[in-house]
K.L.:
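Below is a structure I'd like to ask you about.
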Amino acid sequence: MYNQKLMRIIIGVLVIVAMGKFIFSPRGKTHQITQGSNFWADKRVPQLNLDENQKDPVKKEVVQPEKEPVVQPEKENMIQSSQEEFEPDISDNTPTDPLKIVHLDLKGAPPKVTYLKEIFPLLSSLGANGILLEYEDMFPYEGELAILKSSFAYSPEDIEEIKSLAKQHNLELIPLVQVFGHMEFVLKHEKYFRLREVKTFPNSLNPLAPESMGLVQDMLTQVMKKHRESRWFHIGADEVRGLGESEDSKRWLEANNGDMGRLFLNHVTAVGKFMSKLKRGIKLILWDDMFRKLSPISIQESGLQDYASPMIWEYSQNMNVKEIGNYISKYEEAGFKGVWFASAFKGASGIDQTWTPIDHHLKNHLQWQKVITSMPQYKSVRFQGIVLTGWQRYEHHTVLCELLPVAIPSLAVCLQTLKYGSFDDKAQGEVQRILGCEIELTKNEFKGVSFPGSDVYEMVKKINENLESSVKKIMQNNHFRGSFSSYHRKHNFANPRNLGFFVDDVKKLMNEWDTFLRTFQQSMDAIFYPDTLEEWLEENVNEHIERLNEMVIDVERIIKLNGQPKDVA
């Protein structure tokens, strides 16, 4: 009997213990948080909706500890799922040798993929081992961002082909997306006017506007999704015009001792943190000009050096090598582990330049070669590579600079100069062999070129040298000046005998240029989209052709009048 009572007591205690565990134990898998999701769950700051009696969110933000970038609720799921798609992490197998990257600026005269198919093997043979692809409006943005893309934007299939071509020719492909300054292609749209730092200018993003970071994150996520294998990503951030002029920024600066540097660094560091969460292992690059007046301590305190490397740019032919050295020292002191350089092979010698001054760009690269040679003296910062920029516009709203085929000889000279350390006989021989040409640097001429697009090179040269001058030559004819002035043409008054001395020359010249330009159009159509041809002709050809065509029409009309009295109406 005693044993039975004891057994009942033991069983009762066990039941009570089991029930207690069931009641008080945590249910489900609430602590099994997948990697990455805790970032958004723990650190997302909800958007504030304040009435006029509540504190200013900008001022409130600055007195609290700095937070991770705000993620709009409607964006959260998209970004989270994108993170999962970008796994696994990038392996740390970045080439140890500095890269030589060719910059393709797509905000003007973007080449068709068929031309890239021809040009990528040429770039590789010239010594390039990477491409910096500045998308601007040529990326096939989707959803709310679809408004950003050009009507000729690359398709997703085009991007896959570009990536395949780059891989085939051992070219490291680095996307570039602007996140702060030079956001004209975004901020020109009325939909995004409210995100401008200066209301009347589309140049720069207001970093404190509630929707700004969400916009940037959406852009970066879409581009990263198409370039998930990329090891480097350039986030721009140069020339942030008007920073500090928005009401948001003025209030922030008032509450933060006017610290403009911190205002800049807060935004780019937030972008860096976002990108590191979006794709762990990604290495970021950004232009360095906004850092130049900042102290190493302020940069170091921002933590940006943990996410990005600065790209020091200078395109002048007489650049100050000592000044570049000072920048390198500053960035080394700030804790950056790597530094990039940026030279220029075109698009940096005149806002409307049509013919590339090779000597200018050669001198620029010879100066950069001095900087590269000096790098061993910097013990804790590594030279990661140089980008040979090829600007197509100075900014989104300005005219075209030199077309890419026009600048291929300059690019070849610059790449071989970096390869050999100078443009000596060996470097010149390599350029001539690869491009199939003879070089006359003193005349800025390459004769007998046979590279992809060389027909455009030759025809632009003829237009540049002869179109305007040929029309002016006709107008210098003695009979033209004496009997075909604007007054004569306005009043239909001239001696047909005098017009007969030059009428055949005018008509012949018109026919020659008409035939030539039809061929030029065919060559351009093979490389560029229709808007490029239209713009280039409008800027460089139409004025002269229209003048010539008007001459033909007027001279034929007046000859038929047989020297009648002038029209006085």
Side-chain angles (χ1 to χ4, degrees), residues 94-104 116 118-132 165-174 232 285 311-317 319 321 324 328 338-348 356-376 378 382-390 404-441 444-446 449-454 457:
T94 304
T96 55
D97 293 334
L99 293 167
K100 296 184 183 71
I101 308 287
V102 175
H103 171 232
L104 294 180
L116 296 181
E118 296 183 80
I119 213 74
F120 275 17
L122 174 64
L123 301 182
S124 184
S125 68
L126 286 168
N129 50 16
I131 301 292
L132 179 62
L165 289 170
K167 185 175 182 180
Q168 179 183 345
H169 298 290
N170 300 310
L171 297 169
E172 182 96 12
L173 195 58
I174 303 175
W232 296 95
I285 306 168
M311 181 173 282
I312 305 172
W313 60 272
E314 179 57 58
Y315 310 141
S316 64
Q317 57 183 328
M319 74 178 208
V321 173
I324 300 298
I328 298 171
V339 65
W340 290 77
F341 303 144
S343 58
F345 73 91
K346 84 174 192 74
T356 309
I358 297 175
D359 187 56
H360 173 102
H361 297 293
L362 171 58
K363 289 177 179 177
N364 175 245
H365 283 80
L366 290 173
Q367 294 297 91
W368 272 116
Q369 188 60 40
K370 294 178 183 178
V371 178
I372 293 170
T373 303
S374 74
M375 283 308 295
Y378 304 100
R382 186 167 69 87
F383 169 46
Q384 293 172 314
I386 183 168
V387 168
L388 293 82
T389 61
L404 179 57
V406 170
I408 292 297
S410 174
L411 177 58
V413 167
C414 295
L415 279 169
Q416 292 300 301
T417 298
L418 292 175
K419 179 179 178 179
Y420 290 101
S422 66
F423 195 63
D424 56 15
D425 290 343
K426 194 169 183 179
Q428 180 168 327
E430 278 292 281
V431 171
Q432 293 183 156
R433 179 185 67 80
I434 294 171
L435 297 188
C437 65
E438 294 182 10
I439 300 176
E440 293 187 22
L441 275 182
N444 197 29
E445 288 185 356
F446 279 57
V449 287
S450 59
F451 59 85
S454 57
Y457 172 88

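The first residue of the sequence shown is numbered 1, and numbering continues consecutively from there. Source: prediction; values computed, not measured. Values below: every heavy atom of this structure, side chains too, minus hydrogens, waters and symmetry copies.
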K.L.:
Test: salt bridge (charged side-chain N to carboxylate O under 4.0 Å, His left out). Region: residues 408-419. Which pairs qualify, not counting sequence neighbours?
P.N.:
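The answer is none; no pair qualifies.
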K.L.:
Looking at Asn129 and Leu171, would you say the former's side chain and the latter's main chain have a donor-acceptor pair under 3.5 Å?
P.N.:
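Answer holds: no.
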K.L.:
Where is the tightest heavy-atom contact between Asn444 and Pro357, given as atom of each residue plus distance?
P.N.:
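Minimum heavy-atom separation between Asn444 and Pro357: ND2-CA, 3.8 Å.
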K.L.:
Counting only heavy atoms not in Glu438 (residues, nucleotides, ligands), do more than 12 fall under 6.0 Å from its CD?
P.N.:
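Open.
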K.L.:
Could you point out which residue of Phe383, Trp232, Trp313 forms a ring-ring contact (aromatic ring centres under 6.0 Å, His included) with Trp340?
P.N.:
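Considering Phe383, Trp232, Trp313, a ring-ring contact (aromatic ring centres under 6.0 Å, His included) with Trp340 is found only for Trp232.
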K.L.:
Does the side chain of Trp368 come within less than 4.5 Å of Ile312's, by heavy atoms?
P.N.:
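A side-chain contact under 4.5 Å exists here.
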K.L.:
With side chains defined as the heavy atoms from C-beta onward, is the minimum distance between Val371 and Ile328 less than 4.5 Å?
P.N.:
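SC-SC contact between Val371 and Ile328 confirmed.
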K.L.:
Of all heavy-atom pairs between Ile101 and Ile131, which one has the smallest distance, and what is that distance?
P.N.:
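Answer, listing the atom of Ile101 first, then Ile131: CG2-C, 3.6 Å.
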K.L.:
For a 4.5 angstrom cut-off between non-hydrogen side-chain atoms, does Met375 reach Val339?
P.N.:
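Sidechains of Val339 and Met375: in contact.
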K.L.:
Indicate the atoms forming the closest heavy-atom contact of Lys100 with Leu418, along with that distance.
P.N.:
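Scanning both residues, the minimum pair turns out to be CE-CB, 3.9 Å.
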K.L.:
How far apart are the closest heavy atoms of Ser125 and Ile434, and which atoms are they?
P.N.:
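Minimum heavy-atom contact is O-CD1, 3.5 Å.
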K.L.:
Using side-chain heavy atoms (C-beta onward) and a distance below 4.5 Å, is Leu366 in contact with Lys370?
P.N.:
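A side-chain contact is absent here, since even the closest heavy-atom pair is not under 4.5 Å.
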K.L.:
Taking atom CD of Gln428 and atom NZ of Lys426, what is their separation to the nearest 0.5 Å?
P.N.:
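If I round to the nearest 0.5 Å, the distance is 14.5 Å.
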K.L.:
When rounded to the nearest 0.5 angstrom, what distance separates CG in Leu104 from CG in Leu123?
P.N.:
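Answer for the CG-CG pair, Leu104 versus Leu123, is 7.0 Å.
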K.L.:
Rounded at 0.5 Å granularity, tell me how far CG in Leu388 sits from NZ in Lys346.
P.N.:
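Spacing of CG (Leu388) from NZ (Lys346) equals 12.5 Å.
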K.L.:
Would you list the atom pairs, donor with acceptor, under 3.5 Å between side chains in residues 410-417 and any protein atom, with sequence neighbours excluded?
P.N.:
unit_1: Ser410; atom_1: OG; unit_2: Phe345; atom_2: O; d: 2.8
unit_1: Gln416; atom_1: NE2; unit_2: Leu126; atom_2: O; d: 2.8
unit_1: Thr417; atom_1: OG1; unit_2: Val413; atom_2: O; d: 2.7

K.L.:
Looking only at heavy atoms, which two atoms of His365 and Ser343 are closest? And how far apart?
P.N.:
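For His365 versus Ser343, the nearest heavy atoms are NE2-OG, 2.7 Å.
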K.L.:
Between CD1 of Ile408 and OH of Tyr457, what distance do you get to the nearest 0.5 Å?
P.N.:
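One finds 11.0 Å between CD1 of Ile408 and OH of Tyr457.
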K.L.:
Please find the pair of heavy atoms, one from Ala342 and one from Thr389, that lie closest to each other, and give the distance.
P.N.:
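Reported closest heavy-atom pair: CB-CG2, 4.2 Å.
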